[in-house]
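Only one structure is covered here, and it is reproduced in the block below.
Given the structure is predicted, the values throughout are model-derived calculations rather than measurements.
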Amino acid sequence: MERRYQQKYPHLFSPVTVRGKRIRNRITAAPHGGKPVMFVSGEEGYSNFSETAAKYYGTLARGGAGIVNTGHLGVDPRYLLGGSKEKFNLFSEETLAQHGEPMLQLMSDYIHAYGAIASLELNHGGLYCTPISEEDMVLGPCTTAIHDFGEIRQVKGMDEAEMKRVAEYFANAARIGKRCGFDAINVHAGHNWLLGIFLSPLDNQRTDQYGGSVENRARFPKMVLDSIRETIGENMILIVRFSASELLRGGVSIEEAVEIAKILGESADIVHCSAGRIRDVETAGFMFPLQYMEHGVNTYLAAEIKKNVPNV
């Protein structure tokens, strides 16, 4: 099996070193989670990974992946990520031994025990957050009301102070991840989550320095990456995941994605290429490729970015 794949993908099983960390091959276990066995509930409504989850991610490393990513975790204490009831406490020191159990540390230990790099995926739900307080509105690039999945959501357009606050939340969560033994931080900037919606010309209609051109639309996501780098130092790997094509007319195209990758690649070490948007169900099969789709259906996007942005 390995010989056959080496013939088709000659670099697949070769190691690569990023920021002094040896990644044993080019295989990545993509970010994903599971319910309910992956989580345990604790005090004050906070959740933590279960020991089952720690062992599960360890098995992905045991299976041979070079990098193992967690599923995305919210960073903003004012919101639940999406409609999830799980509220991870990535905001305080309690996470290091949440409810007396250092599960994130155990998880990174399991991943390391089988020779892989442990990567913590961080995200802000933006339009798809659930505010903990009824007084809070969901966040986005523009003040608006959106009709989504049968409901109307009032969206608060972010000013610079709010952007800096959210960037600090990302940085603090990354700091917690570092202290829990993770080697890499993977920032989700795709699929219409908060950072992704700033990148999208379909949704970001701002007329200031955070809207319009590709450089302007990427300014806030880059602020987040720079804030994380300043916090975690130079020895951790920083990954950014974004939609290299939104697969819709007027959305992010591969041509724009190349320019976005150049900008974000100034701060990130690795660019993880995905595709599609949460709000548009016709693209869902490309966000989460289905078994009847062509194998590697999105790889052409990564190939185009690699050709034009060789430093990531």
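- One distance of note links CG of Leu139 with CZ of Phe198; it measures 8.5 Å at 0.5 Å rounding.
- Of all non-hydrogen atoms in Gly212 and Arg217, the two that sit nearest each other are O-NE, 3.0 Å.
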**Glu246 and Ser200: CA distance, side-chain angles, deciding distance, side chain to side chain donor-acceptor pair (under 3.5 Å) verdict** = CA-CA 8 Å; Glu246 292 191 301; Ser200 176; 2.8 Å; yes
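- Remark: side-chain polar atoms of Ser50 are paired, donor with acceptor, to backbone N or O of Ala53 under 3.5 angstrom.
- When only modelled atom types and interatomic distance are considered, Asn25 and His11 share no side-chain donor-acceptor pair under 3.5 Å.
- Using a cut-off of 4.0 Å between Lys/Arg side-chain N and Asp/Glu carboxylate O, Asp226 and Arg229 are scored as not salt-bridged.
- Put simply, the side chain of Pro221 reaches to within 4.5 Å of the side chain of Leu264, judged on heavy atoms.
- With values rounded to the nearest 0.5 angstrom, Asp203 atom CG is found 5.5 Å from Arg279 atom CZ.
- Surrounding NZ of Lys164 are at most 12 heavy atoms belonging to other residues, nucleotides or ligands under 6.0 Å away.
- Within 6.0 Å of atom CZ in Arg26, more than 12 heavy atoms from other residues, nucleotides or ligands are found, so the atom counts as buried in its surroundings.
- With His72 as the fixed residue, the side chain to side chain contact (heavy atoms under 4.5 Å, CB included) test singles out one of Asn123, Leu122, Val187, Leu120: Asn123.
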**Message:** With side chain to side chain contact (heavy atoms under 4.5 Å, CB included) as the criterion, how do Phe170 and Asp76 come out once you've worked through the C-alpha distance, each side chain's angles and the decisive distance to 0.1 Å?
**Reply:** CA-CA 8 Å; Phe170 269 98; Asp76 193 327; over 6 Å; no
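- For the residue pair Ser213 and Glu215, no side-chain donor N or O sits within less than 3.5 Å of a side-chain acceptor on the partner.
- Under a 4.0 Å N-O distance rule, the pair Glu304/Lys307 qualifies as a salt bridge.
- In this structure, Tyr56 has its ring center closer than 6.0 angstrom to the ring center of His32.
- The shortest distance between side-chain heavy atoms of Tyr114 and Val68 does not fall below 4.5 Å.
- Listed here is the closest heavy atom pair of Ser274 and Leu301: O-CD1, 3.9 Å.
- With values rounded to the nearest 0.5 angstrom, Ser243 atom OG is found 7.5 Å from His188 atom NE2.
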**Prompt:** Between His112 and Asp183, does a side chain to side chain contact (heavy atoms under 4.5 Å, CB included) hold up when you go through it step by step?
**Reply:** CA-CA 9 Å; His112 291 151; Asp183 310 285; 2.6 Å; yes
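- When each of Val312, Asn298, Ile305 is paired with Cys273, the side chain to side chain contact (heavy atoms under 4.5 Å, CB included) condition holds for Ile305 and for no other.
- Close placement of the His124 and Tyr79 rings is indicated, their centers lying within 6.0 Å of each other.
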**Request:** Mind running side chain to side chain contact (heavy atoms under 4.5 Å, CB included) on Arg19 and Asn235 for me, showing each step along the way?
**Result:** CA-CA 6 Å; Arg19 293 207 176 254; Asn235 296 325; over 6 Å; no
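- Taking the six-membered ring wherever Trp is involved, the centroid distance between the rings of Phe49 and Phe39 falls below 6.0 Å.
- There is a path of hydrophobic side-chain contacts, each under 4.5 Å, that joins Ile263 to Val240.
- The closest donor-acceptor contact from the side chain of Arg24 to the backbone of Ala65 lies under 3.5 Å.
- The residues Lys55 and Glu51 are annotated as salt-bridged, a charged nitrogen and a carboxylate oxygen being separated by less than 4.0 angstrom.
- Distance CG/Asn216 to OH/Tyr210: 9.5 Å, rounded to 0.5 Å.
- Atoms CD1 and OH, on Ile111 and Tyr57 in that order, are 8.5 Å from each other to the nearest 0.5 Å.
- Heavy atoms of other residues, nucleotides or ligands lying less than 6.0 angstrom from CD of Gln209 number more than 12.
- Side-chain contact between Val252 and Pro201 is present, with at least one heavy-atom pair separated by less than 4.5 Å.
- Taking each heavy atom of Ala29 and Leu60 in turn, the nearest pair found is CB-CD1, 4.0 Å.
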**Request:** Kindly indicate, with the supporting measurements, whether the criterion salt bridge (Lys or Arg N to Asp or Glu O under 4.0 Å) is fulfilled by Asp136 and Lys156.
**Result:** CA-CA 9 Å; Asp136 288 324; Lys156 175 185 175 183; over 6 Å; no
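- For Glu162, the CD atom counts as densely surrounded, since its 6.0 Å shell holds more than 12 non-hydrogen atoms of other residues, nucleotides or ligands.
- The existence of a salt bridge linking Arg78 and Glu135 is excluded, since no basic side-chain nitrogen approaches an acidic carboxylate oxygen closer than 4.0 Å.
- Judged by distance alone, with hydrogens and angles left aside, the side-chain atoms of Thr28 form no donor-acceptor pair with the main-chain N or O of Ile67 at under 3.5 Å.
- Looking at every heavy atom in both residues, Ile132 comes nearest to Pro77 through CD1-O, 3.1 Å.
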**Asked** Can you list the steps and then say if Asn69 with His272 is a side chain to side chain donor-acceptor pair (under 3.5 Å)?
**Response** CA-CA 11 Å; Asn69 288 280; His272 183 179; 5.3 Å; no
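- In this structure the side chain of Thr231 never reaches within 4.5 angstrom of the side chain of Asn172, judged on heavy atoms.
- Proximity of Leu194 to Phe220: side-chain heavy atoms (C-beta onward) are separated by under 4.5 Å at one or more points.
- The closest donor-acceptor contact from the side chain of Ser245 to the backbone of Ala275 lies at 3.5 Å or more, if one exists at all.
- With a 4.5 Å cut-off on side-chain heavy atoms, Leu225 and Leu238 count as touching.
- Counting heavy atoms from C-beta outward, Val155 and Leu127 have side chains that approach closer than 4.5 Å.
- Gln105 contributes atom CD, which lies 8.5 Å from atom CZ of Phe182 (distance to the nearest 0.5 angstrom).
- Residues Leu202 and Arg277 meet the side-chain proximity criterion, which asks for heavy atoms closer than 4.5 Å.
- Across Cys180 and Ser108, no two heavy atoms sit closer than the pair O-OG, 2.8 Å.
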**Message:** Apply side chain to side chain contact (heavy atoms under 4.5 Å, CB included) to residues Thr283 and Leu248 and explain how you reach the verdict.
**Reply:** CA-CA 8 Å; Thr283 70; Leu248 291 172; 4.3 Å; yes
